[in-house]
Protein chains: 2
Amino acid sequence: MVTTSSAAALRGDPYDANCATRRILDRIGDRWTVLVVGVLGDGEARFSEIRRRVDGVSQKMLTQTLRGLERDGLVRRTVHPTVPVRVEYALTEAGRTLLEPLRALQKWSIEHLGDVSASQNAYDHAE
Amino acid sequence: MVTTSSAAALRGDPYDANCATRRILDRIGDRWTVLVVGVLGDGEARFSEIRRRVDGVSQKMLTQTLRGLERDGLVRRTVHPTVPVRVEYALTEAGRTLLEPLRALQKWSIEHLGDVSASQNAYDHAE
DNA sequence: CGGAATCCTACCGGATACTG
DNA sequence: CAGTATCCGGTAGGATTCCG
C-alpha cells in the first residue's frame with residue numbers, strides 16, 4: 001500500500017521501473033506530450049492548429065503523441081466526415097485533471113529556473 | 001511575461017522547446033532523476049546506497065544523474081577523504097522544494113494509473 | 001568505494017514521399 | 001486536411017574495463 005503522506009510515497013516501495021510515478025513519467029516525460037496537453041487545456045483544437053501552436057513538433061511526432069494520449073484515455077479524438085476531413089482533439093475529464101499537477105510543476109519551473117541556470121553557470125565555470 | 005493564473009501559463013507563450021516547463025522536464029523527465037530525488041527525499045545517502053535503492057540504474061547513469069542534479073544546485077555532494085572514499089549525497093533547499101510538485105504528480109499517477117491502464121487495454125483490444 | 005573511459009546498440013525522432 | 005510508410009542519423013544508455 002502506498003500512501004501520500006510520507007517520503008516513501010514519492011518513490012513507491014520498492015524503487016523500481018514499474019512504480020506509478022515511473023510509469024506516468026515514461027508517458028508524459030517525452031518531448032511533446034506536456035506541450036500538447038497544455039494546448040488542449042485551452043479547449044478543443046484541430047490537428048493543424050495544435051501543430052501550429054506547438055512550435056517545432058513534426059507531423060509524425062504530433063500524431064504519435066495524440067495517439068498515445070488517446071490510448072491513455074486523456075484525449076478524445078473526433079472525426080467529422082466532411083471533405084476534407086476535420087479532426088478535433090479535446091481533453092477528457094481525466095485529461096483535465098492532469099492539468100493541475102502539470103501546473104504545479106510549471107510553477108516550480110518558473111520559480112526556480114533562474115536559480116538552476118545560475119547554478120549551472122557556476123558549476124560549468126568552476127569546472 | 002508568464003503568469004500562473006491562466007491556461008497560457010502551462011505552456012508559456014509561444015509554445016517552443018525553450019519554455020520553462022520544457023526546460024525543466026528535459027532535466028527531470030529522464031528515466032532516473034525523479035527516482036533519485038525520491039530516495040534523497042528520505043535523507044542523505046551514499047552512492048552505493050542510492051544505487052541499491054533505485055532498482056535497475058547502472059553506475060554510469062547514476063553518476064550522470066547525480067552530476068546533473070549537483071550542477072542544477074538541487075543536490076549537494078560531500079566527499080569524506082577516508083580510505084576507501086565515502087561520498088554522501090543530499091538534497092539542497094532548492095532540491096527539497098521540488099519534492100512538492102513531484103508528489104502532486106505522483107498523487108495523480110496513483111489515482112489515475114488504473115484508469116489509464118484500463119483505457120490502454122480497451123484501446124489495444126478494439127484495435 | 002566511487003567513479004572515468006571506451007565500446008556498442010536500440011530506438012527516438014526528423015525528413016521525405018505517398019494516400020483517402 | 002490528416003494522416004501512413006519508409007528511410008536514416010544522433011544519441012541515450014547498457015556492458016565492460018580500469019583507476020585513486
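Each chain gets a letter, A, B and so on, in the order its sequence line appears, and its residues count up from 1.
Between R86(B) atom CZ and dG2(C) atom P the separation is 8 Å, expressed in whole Å. The interatomic distance linking D26(B) (CG) with dA12(D) (C1') rounds to 13 Å, in whole Å. R67(B) places its CZ atom 12 Å from the P atom of dG2(C), with the value rounded to the nearest Å. Rounding to whole angstrom units, CZ of residue R51(A) and C1' of dG13(C) are separated by 13 Å. Whole-Å rounding puts the R77(A) CZ to dA2(D) C1' distance at 8 Å. Put simply, CD on Q64(A) is 13 Å from C1' on dA5(D), counting in whole angstrom units.
Side chain of H112(B) to main chain of W108(B): a donor-acceptor pair is present (N/O by atom type, distance under 3.5 Å, no hydrogens or angles). With hydrogens and angles ignored, the 3.5 Å screen pairs a side-chain donor or acceptor of D30(B) with a backbone N or O of W32(B).
Under the 3.5 Å distance criterion, with hydrogens and angles disregarded, no donor-acceptor pair is assigned to the side chains of E93(B) and T97(B).
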When you look at R67(B) and Y123(A), which way does the side chain to side chain contact (heavy atoms under 4.5 Å, CB included) test go after all the steps? CA-CA 10 Å; R67(B) 285 293 175 278; Y123(A) 187 93; 3.5 Å; yes
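Comparing D30(A) and P84(A) along DNA chain C, the residue whose closest nucleotide (by nearest heavy atom) sits nearer the 5' end is D30(A).
For T63(B), no side-chain nitrogen or oxygen approaches OP1 or OP2 of dG2(C) to under 4.0 Å. Considering only side-chain N and O atoms, S48(B) lies under 4.0 angstrom from the phosphate OP1 or OP2 of dG2(C). In this model, the phosphate group of dG2(C) is approached by a side-chain N or O of R46(B) to a distance below 4.0 Å at OP1 or OP2. Using a 4.0 Å cut-off, some side-chain N or O of Y89(A) falls inside it from OP1 or OP2 of dG3(D). The side chain of R52(A) places no N or O atom within less than 4.0 Å of a non-bridging phosphate oxygen (OP1 or OP2) of dA2(D).
Using a cutoff of 4.0 Å between basic side-chain nitrogens and carboxylate oxygens, E49(B) and R52(B) are not scored as salt-bridged.
The side-chain hydrogen bond (donor to acceptor under 3.5 Å, both in side chains) test applied to S58(B) returns no partner, not counting sequence neighbours.
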Using atom names, set out every protein N or O paired with an N or O of nucleotides 14-17 of chain D below 3.5 Å, distance rounded to 0.1 Å.
{"residue": "dG14(D)", "atom": "OP2", "partner": "S58(B)", "partner atom": "OG", "Å": "2.9"}
{"residue": "dG14(D)", "atom": "O6", "partner": "K60(B)", "partner atom": "NZ", "Å": "2.3"}

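Closest approach of T82(A) to P84(A), counting heavy atoms only: OG1-O, 2.8 Å.
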